[in-house]
Structures are given as structure tokens and as C-alpha cells.
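Note that ligands are numbered from 1 as they come in the structure, with each ligand's atoms numbered from 1 the same way. This is a predicted model, so every value here is computed, not measured.
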Amino acid sequence: MKVNGIDYQTVWMKGTSVFFIEQNLLPFQFSIREAKTCSDSCHAIRTMMVRGAGAIGALAGFAMAQAALESPEQDYHSFLQKARIVIESTRPTARNLFYAVEKVHTAALISAAGAVSAAQQVACRDAGDSRKIGEFGNALILDGMNIETHCNAGWLAFVDYGTALSPIYLAHQLGKKIFVYADETRPRSQGARLTAWELKQAGVPHTIIPDNAGAWLMSLGKIDMVIVGADRIAANGDTANKIGTLEKAIAAKEYGIPFYVAAPTSTFDIHCPDGTHIPIEERSEDEVLYQDGITIDGRHERILVCSPGSSALNPAFDVTPAKLITGIITEKGIVKPGIESINHLLTITP
Ligand code: MRU
């Protein structure tokens with residue numbers, strides 16, 4: 001995707017280093033960081049400098065490749081195994097992270113060079129799948145539609161293109177007149193900060209709405225469709241996504257609005273029979289209690305926005321039951337969630 005006219009991907013590997021866009025600084029500062037070691041890459045995932053299912057999957061794959069390059073010859077396999085455990089402990093919910101680590105670790109057992117090329121393939125596939133999701137999803141978007149999205153499932157959340165936003169970018173490029181309502185997505189405000197920034201860069205008409213405004217706008221007939229991303233999709237189609245997604249799905253059902261999930265098949269976890277088995281990350285209460293941003297005179301500040309001394313609960317994801325999902329847009333086509341349809345989808349070679 002282009003930033004100020006220059007093409008970027010969210011994360012890439014060159015030599016033994018991984019380079020990435022520092023998402024915690026956006027939208028105020030656009031900056032590229034370098035992770036020189038596997039440990040640096042793990043730190044970037046843990047602290048959400050790189051976030052979003054596909055992007056952390058790609059970075060985790062690169063981290064595994066870095067571990068293979070760092071591994072001493074005499075201790076190669078046990079070093080790799082230890083590194084894998086560390087990488088997999090960075091963030092628990094997004095399936096793409098485990099998918100990428102598995103693939104790159106398997107290649108690393110043969111050679112470090114193989115690990116690097118497997119990691120490059122995972123990243124390349126992530127971008128390609130996202131582009132195809134855009135093509136399938138675009139077919140659902142009619143001229144004049146108003147679309148709500150939650151969190152950030154744009155190109156920053158993947159290597160390129162994104163999932164929920166990929167159909168929106170394509171529809172816009174094809175000249176369809178569309179309008180996007182971006183949920184702010186507290187506590188980290190990925191919608192207000194990242195989705196809004198991406199849409200602005202791409203020239204897509206949009207506005208940011210408070211998290212609690214969606215149902216009201218739906219009741220007024222102002223939303224024609226909801227498209228969200230996914231962090232993990234269970235075998236029956238139950239979908240974990242950023243906290244607050246479930247509420248949008250319930251409201252969409254009430255008002256008869258189609259609710260789509262957009263995700264590559266690398267987000268599906270057939271070993272999770274249903275949503276109750278998806279691990280849900282709980283993050284620090286500080287993300288709820290404090291907010292950071294820019295003052296009018298341009299200083300970056302972090303301030304307390306809650307009653308001093310109160311605690312906060314911060315589950316990072318929720319699970320939307322399959323019955324509330326109209327369809328899942330993947331790189332292989334659009335499926336109605338359910339065990340048979342998902343099993344069939346996963347057997348298709350694109
Ligand atoms: O905690 P994050 O920002 O890594 O969460 C991931 C997300 O951005 C969302 O849940 C998104 O909608 C799906 S991942 C593309």
C-alpha cells in the first residue's frame with residue numbers, strides 16, 4: 001500500500017534483520033524500525049509495535065527464521081525448540097502466529113536457509129490472500145453502500161491489502177461510492193488511529209464513530225453492511241476478533257444487516273471445535289486506564305482517563321457465534337460458517 005506515494009509492506013526481512021512499520025506511533029508518526037534478532041522481533045509483537053493477525057503471523061515466521069540463523073550448530077534443534085516456545089508466547093489469540101511458526105519451524109529442521117525462504121513464503125502468501133479477499137468481498141459491495149468496520153483489519157494488520165478493508169479499497173478504486181463508519185475500538189483505538197489513517201491515505205470517505213454508536217446508527221438505517229476481520233476462526237465458524245465485535249454482530253442481526261468476517265484460511269483453526277476453545281488474551285489494565293496522543297502543540301502525552309485508584313478489566317478479544325455471521329470472505333471464496341462448509345473450503349486448492 002502507498003504511504004505518501006511510496007509503496008510499503010507492513011513487515012519484511014532483509015539479510016538477518018526484520019523491518020516493520022511501528023504501529024504504536026501511528027497516526028502521528030510514520031517510522032520504520034529494525035528488529036535485528038529473534039528477541040527483538042518477539043518484543044515488537046508483545047508490545048504491539050506490530051499487531052493484527054496477519055502481520056504478527058508474518059513477523060512470528062521471520063522471528064523463527066532469525067532463530068534458525070542465530071542457532072549454534074551443536075545445539076541447533078533444542079535452540080530452535082526453545083525459540084519457538086518464546087515466539088508462541090508473545091500473543092495467544094491470533095491463529096496466524098501459530099500457523100507461521102509451525103511452517104517455518106518445520107523448514108528450519110532441515111536448514112536455516114530453508115527457514116528464511118519459508119518465512120518469506122508465509123509473508124508473500126499473506127499479501128496474496130488479502131488481495132484475493134478484496135476481489136471476493138468487492139462483489140458484495142454495491143454502489144452507495146455505508147459499511148461499518150471494527151478495529152483495524154486493513155493492510156497494517158497484514159503484510160499488505162488487509163482483510164476487512166481490502167474489499168473496501170477495491171470497491172473504492174473501481175469507482176463505487178461507498179462510505180465507511182470506523183468504530184474507534186477502545187481501549188487501544190485501532191479503528192480511530194489506524195483504520196481512519198489507512199482510509200485517509202487511500203482517499204476513502206469515512207468517519208470515526210464511538211464504539212457504542214453502531215447499534216444506534218443501524219437502527220436509523222445508516223449502515224448497510226458490517227465487515228470485520230478475525231484473529232481465529234474455530235472449526236464451526238465461531239470467530240474471535242477484537243473486543244466489541246460480538247456486540248456489532250448482535251445489533252446487526254437485530255436490524256437485519258449482513259455481517260461479514262474477512263480472513264484468510266491461515267486464520268482457521270480446525271483443532272478448535274468451537275469458540276469456547278479459543279484462547280482469549282487479557283491485556284494490561286493500563287490500556288484502559290490511560291490514553292496516549294498528541295497535544296495541540298504537537299507533544300506526545302500519556303494521560304490517565306479513569307477514576308484514580310479504580311482497576312480495569314481488559315479482555316482483548318471476544319467470540320462471535322457462527323449463527324450471527326452472514327458469511328466468511330476468504331481467499332478461496334465466501335462461505336457460510338458451519339463445520340461442513342469450512343471443511344470443504346479448506347480442501348480447495350486456490
Ligand atoms: O490486538 P490486535 O490489534 O492485534 O487485534 C487484531 C485486530 O486488529 C483485530 O482483531 C482485527 O479485526 C483482526 S486481525 C486483522
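Contacts with ligand 1 closer than 4.0 Å are made by heavy atoms of both the backbone and the side chain of K242. By the criterion of a heavy-atom distance under 4.0 Å, both the backbone and the side chain of A53 are placed next to ligand 1. At a 4.0 Å heavy-atom cut-off, ligand 1 does not touch E281 at all.
Scanning the protein for heavy atoms near atom 10 (O) of ligand 1, the closest one is D231 OD2, 2.5 Å. Among all non-hydrogen protein atoms, the one lying nearest atom 8 (O) of ligand 1 is R51 NH2, 2.4 Å.
Between the side chains of N314 and E287, a donor-acceptor pair is found at a separation under 3.5 Å. Counted by atom type alone, R51 and N152 present one or more donor-acceptor pairs between their side chains at under 3.5 Å. Side chains of T276 and D274: a donor on one and an acceptor on the other come within 3.5 Å. Under 3.5 Å, the side chains of N96 and R232 contain no donor-acceptor pair of N or O atoms. For the residue pair D183/T185, the side-chain donor-acceptor check at 3.5 Å is not satisfied.
Distances below 4.0 Å separate heavy atoms of R91 from the following atoms of ligand 1: 1 (O), 2 (P), 4 (O). If you number the atoms of ligand 1 from 1 as listed, the ones under 4.0 Å from a heavy atom of F158 come out as 15 (C). Shown in contact with A230 at under 4.0 Å from a heavy atom are these atoms of ligand 1, numbered in order with element: 13 (C), 14 (S). Using a 4.0 Å cut-off to heavy atoms of Q190, the atoms of ligand 1 that qualify are 1 (O), 2 (P), 3 (O). For ligand 1, the atoms sitting less than 4.0 Å from at least one non-hydrogen atom of A157 are 15 (C), numbered in the order shown with element in parentheses.
Under the salt bridge (Lys or Arg N to Asp or Glu O under 4.0 Å) rule, E331 has a single partner from R131, K132, R125, which is R125. When each of F30, F19, W155, F20 is checked for a ring-ring contact (aromatic ring centres under 6.0 Å, His included) with Y8, only F30 meets the rule.
For the ligand labelled ligand 1, residue V228 lies outside the 4.0 Å heavy-atom shell. Note on ligand 1: R188 sits outside its first shell, no heavy atom being nearer than 4.0 Å. Within the 4.0 Å heavy-atom cutoff, M48 counts among the residues contacting ligand 1.
Atom NZ of K103 is surrounded by 12 or fewer heavy atoms from other residues, nucleotides or ligands within 6.0 Å.
Relative ring orientation between Y181 and F179 is described as perpendicular, the plane-to-plane angle rising above 60° on a 0-90° scale split at 30° and 60°.
Ligand 1 has an N or O atom lying under 3.5 Å from an N or O atom of N241, backbone or side chain.
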